[in-house]
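What follows is one structure encoded as structure tokens, with my remarks underneath.
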Amino acid sequence: MAANNEQHIQEIRALIKKHKIWDKVFAIVGLLAMLVGVTTLIVLFANLAIDGAPRLLSWDFYTSFPSRRASSAGILSAWVGTTLVMLVTAISAVPIGVAAGIYLEEYAPKNWMTAIIEINVTNLAGVPSIVYGLLALGLFVYQFGLGQSILAAGLTLALLILPVVIVATREAIRSIPQAIREAAYAVGSTRWQVVHDHVLPYSTGGILTGVIIGLSRAIGETAPIITIGALTFIAFLPDSPFKGEFPYISFDWIMAPFTVMPIQMFSWTSRPEEEFQFNAAAAGLVLLGMTLLMNALAIYLRYRIRRNIKW
Amino acid sequence: MFQRNLFKQLALAGFVAGALGGFAPVASAADQIIKIDGSSTVYPITEAVAEEFQKSKKGAIKVTVGISGTGGGFKKFCRGEIDISDASRPILKKEMEACAQAGIKYIELPVAYEGITVVVNPQNTWAKSITVAELKKIWEPAAQGVVTKWNQVNPAWPDAPIKLFGPGADSGTFDYFTEAIVGKAKSSRGDYTASEDDNVLVQGVSRDKNGIGYFGLAYYLENQKKLRAVPVAEKEGKAPVAVSIETVKNGSYQPLSRPIFIYVSDKAYDRPEIKEFIQYYLNQAPKLVAEVKYVPLPDSAYKQATDNFNKRKLGTGFGGEAEVGVLIEELLKREGKH
């Protein structure tokens with residue numbers, strides 16, 4: 001009996017040992033998998049940094065327009081263009097996307113219509129960006145007569161990130177415990193009050209994450225922007241949005257011609273002179289920096305908001 | 001509190017977006033913008049001119065330059081979206097029809113020469129020169145899958161694989177090379193490493209001892225340490241000519257020299273800033289073209305082009321087809337076709 005028991009324990013120990021080996025194996029495989037991503041990023045970053053460092057560290061690079069001489073060519077029109085396009089993208093995609101997400105999650109009746117809309121939204125997230133570019137060329141540039149403007153580009157990219165924002169909003173809203181809503185309804189809140197006072201504030205962190213992921217995708221997009229006709233050489237800035245006299249703000253800039261960072265980079269990489277490659281590398285780092293900055297902002301805001309949630 | 005604020009901001013953002021949506025597009029007519037688009041080959045020249053021109057005007061006149069390719073440029077040009085089209089080949093029949101239909105006339109101005117350079121790896125010791133017939137043997141469609149070794153092209157060359165690098169089918173360089181070598185534009189074998197980015201071709205040939213490729217002279221001049229240009233003989237028995245600024249300019253590097261152009265829309269002709277820009281372009285071209293490593297036309301040709309522009313000579317000197325070995329002076333005197 002005792003021997004039998006002993007044998008039994010031995011078997012279990014062997015089994016546990018075997019399982020533990022698999023545990024280790026998976027840990028190593030997982031680590032390697034993670035390293036592939038991280039190493040790629042580091043190597044890429046280092047490569048860009050080595051090539052681009054001299055240009056990256058000179059102030060002129062940020063305050064100069066493109067030029068035929070690599071050493072005096074800069075990214076002023078490109079980074080201003082990218083920033084303004086992103087601004088238009090954000091202020092058009094966020095309200096529409098968040099509203100659509102709230103509607104689908106809190107208001108929409110659960111029927112086949114809603115189901116079709118949901119499937120469509122998810123599918124839209126996977127549509128290649130060039131398709132959005134073609135749509136925008138026909139719709140915004142020609143039909144609406146917006147031309148090759150910052151507005152047309154911003155709206156194009158807004159379409160592109162809309163599904164991402166909607167999906168993120170819905171995920172964020174769904175993660176709020178049902179009890180919160182029920183409690184609010186119990187004290188007589190209307191649906192809008194529940195959304196306005198509880199659902200939206202608590203899900204802002206998640207929504208922001210979705211918005212930033214969307215914008216980070218949009219900032220590097222080249223294909224749709226080229227399709228709608230962004231320029232390569234542009235040595236002036238759009239009209240300033242702020243004016244010295246009444247009414248102090250101006251919207252002229254949204255109709256201005258523009259270029260963006262990825263296009264500027266692309267144009268430099270195809271130049272015969274080697275020095276232009278260094279410019280392209282430096283511009284790549286700046287673009288990477290802009291993305292990181294946006295991510296950092298999202299993390300910070302999320303942290304601020306989480307701290308205020310008390311349940 | 002914070003969440004409330006953030007929500008208010010979101011609402012505000014929504015309001016602003018609504019305001020933007022209702023914003024009627026108003027083209028700022030006060031600005032004088034010269035819009036240029038088209039070939040990436042002509043781009044460096046136009047960019048240099050635009051840069052200097054804006055500097056000289058202290059920003060009073062704005063110039064924008066895009067890269068849509070020669071074909072894409074003509075599309076926009078014939079829709080009346082741009083004032084000037086950069087073109088690395090003459091306007092084609094299809095495009096002439098599109099322009100005629102839209103009622104857009106144009107002035108054709110050659111601005112520089114480009115020499116298409118045949119390059120090999122510096123370790124290639126055998127190909128001292130190459131004839132057009134040999135190039136045809138390598139690049140014609142019938143060679144696909146058949147001509148795979150150097151000694152198949154010339155028995156004196158080694159029994160080594162031949163690796164081909166060339167521009168993709170959307171490129172004007174490709175059009176001209178196939179026209180000049182094979183005899184029919186766009187007629188080429190397909191089994192070669194193709195890239196629209198000439199730097200990729202430079203890398204390819206410089207890393208492969210058995211590589212051969214062709215692209216614009218500017219890319220060779222920038223990479224002379226990594227590549228060797230092969231002198232090209234127009235016919236069997238004719239002396240091979242090495243590519244250089246000089247041989248392209250004096251017309252002896254044949255048949256791989258070609259003029260590149262800008263087309264000015266007649267609709268823009270009456271705008272003073274366009275006149276000023278074109279005059280500046282042709283005036284500064286000898287200096288700026290050389291600076292961006294292209295080959296300037298003879299001075300007399302720029303003078304003739306300026307004359308043509310001032311006289312508002314409309315139409316193209318070509319019949320809507322590519323032409324090999326055309327003389328620039330003669331071209332400028334031709335009757336304009338529409």
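Residue numbering restarts at 1 for every chain, and letters A, B, ... go by the order of the sequence lines. None of these values were measured; they are calculated from a predicted model. Computation of the quantities below employed the complete heavy-atom set of this structure, encompassing side-chain atoms and omitting hydrogens, waters and symmetry-equivalent molecules.
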Under 4.5 Å from any heavy atom of chain A, what part of [X] do you find: side chain, backbone, both or neither?
X      : value
B:L221 : neither
B:E47  : both
B:T64  : both
B:Y43  : side chain
B:E196 : neither

Between B:A218 and A:P272, which heavy-atom pair has the shortest distance, and what is it?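 In this case the closest contact between B:A218 and A:P272 is O-CB, 3.9 Å.
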
Show, in sequence, the C-alpha distance, side-chain angles and deciding distance for B:E51 and A:F65, and conclude whether the side chain to side chain contact (heavy atoms under 4.5 Å, CB included) test is met. CA-CA 9 Å; B:E51 187 187 354; A:F65 290 116; over 6 Å; no

Please rank B:K55, B:Q54, B:K76 by heavy-atom pairs under 4.5 Å with chain A and give me the top one.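 Looking at each option in turn, the highest pair count goes to B:Q54.
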
A:Y107 atom OH, over 12 foreign heavy atoms within 6.0 Å: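 Counting neighbours around OH of A:Y107, more than 12 heavy atoms of other residues, nucleotides or ligands fall under 6.0 Å, so yes.
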
Within a reach of under 6.0 Å around NZ of B:K75, are more than 12 heavy atoms found that belong to other residues, nucleotides or ligands?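 Atom NZ in B:K75 is not crowded, with 12 or fewer foreign heavy atoms closer than 6.0 Å.
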
Is any side-chain N of the basic residue among B:E222 and A:R271 closer than 4.0 Å to the acidic one's carboxylate O?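 Looking at B:E222 and A:R271, the cut-off is not met.
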
In terms of side-chain heavy atoms, does A:E273 have a donor or acceptor partner in B:Y219 at a distance below 3.5 Å?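 Side chains of A:E273 and B:Y219: no pair found under 3.5 Å.
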
Region of A:Y142 in contact with chain B, defined by heavy-atom distances below 4.5 Å: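 Side chain only.
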
Check step by step if side chain to side chain contact (heavy atoms under 4.5 Å, CB included) holds for A:L231 and B:K35. CA-CA 10 Å; A:L231 297 155; B:K35 290 184 182 163; over 6 Å; no

Heavy-atom donor-acceptor pair, B:N199 side chain to A:T269 backbone, under 3.5 Å: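 It does hold such a pair.
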
For the CD1 atom of B:I33 and the CD1 atom of A:I234, what is their distance to the nearest 0.5 Å?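 If I round to the nearest 0.5 Å, the distance is 7.0 Å.
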
Picking from A:Q148, A:E274, A:R68, A:R69, which has the most non-hydrogen pairs under 4.5 angstrom with chain B?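 So the answer, after comparing A:Q148, A:E274, A:R68, A:R69, is A:R68.
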
Set out, in order, the CA-CA distance, both residues' side-chain angles and the distance that settles side chain to side chain contact (heavy atoms under 4.5 Å, CB included) for A:F236 and B:V63, then state yes or no. CA-CA 8 Å; A:F236 56 89; B:V63 186; over 6 Å; no

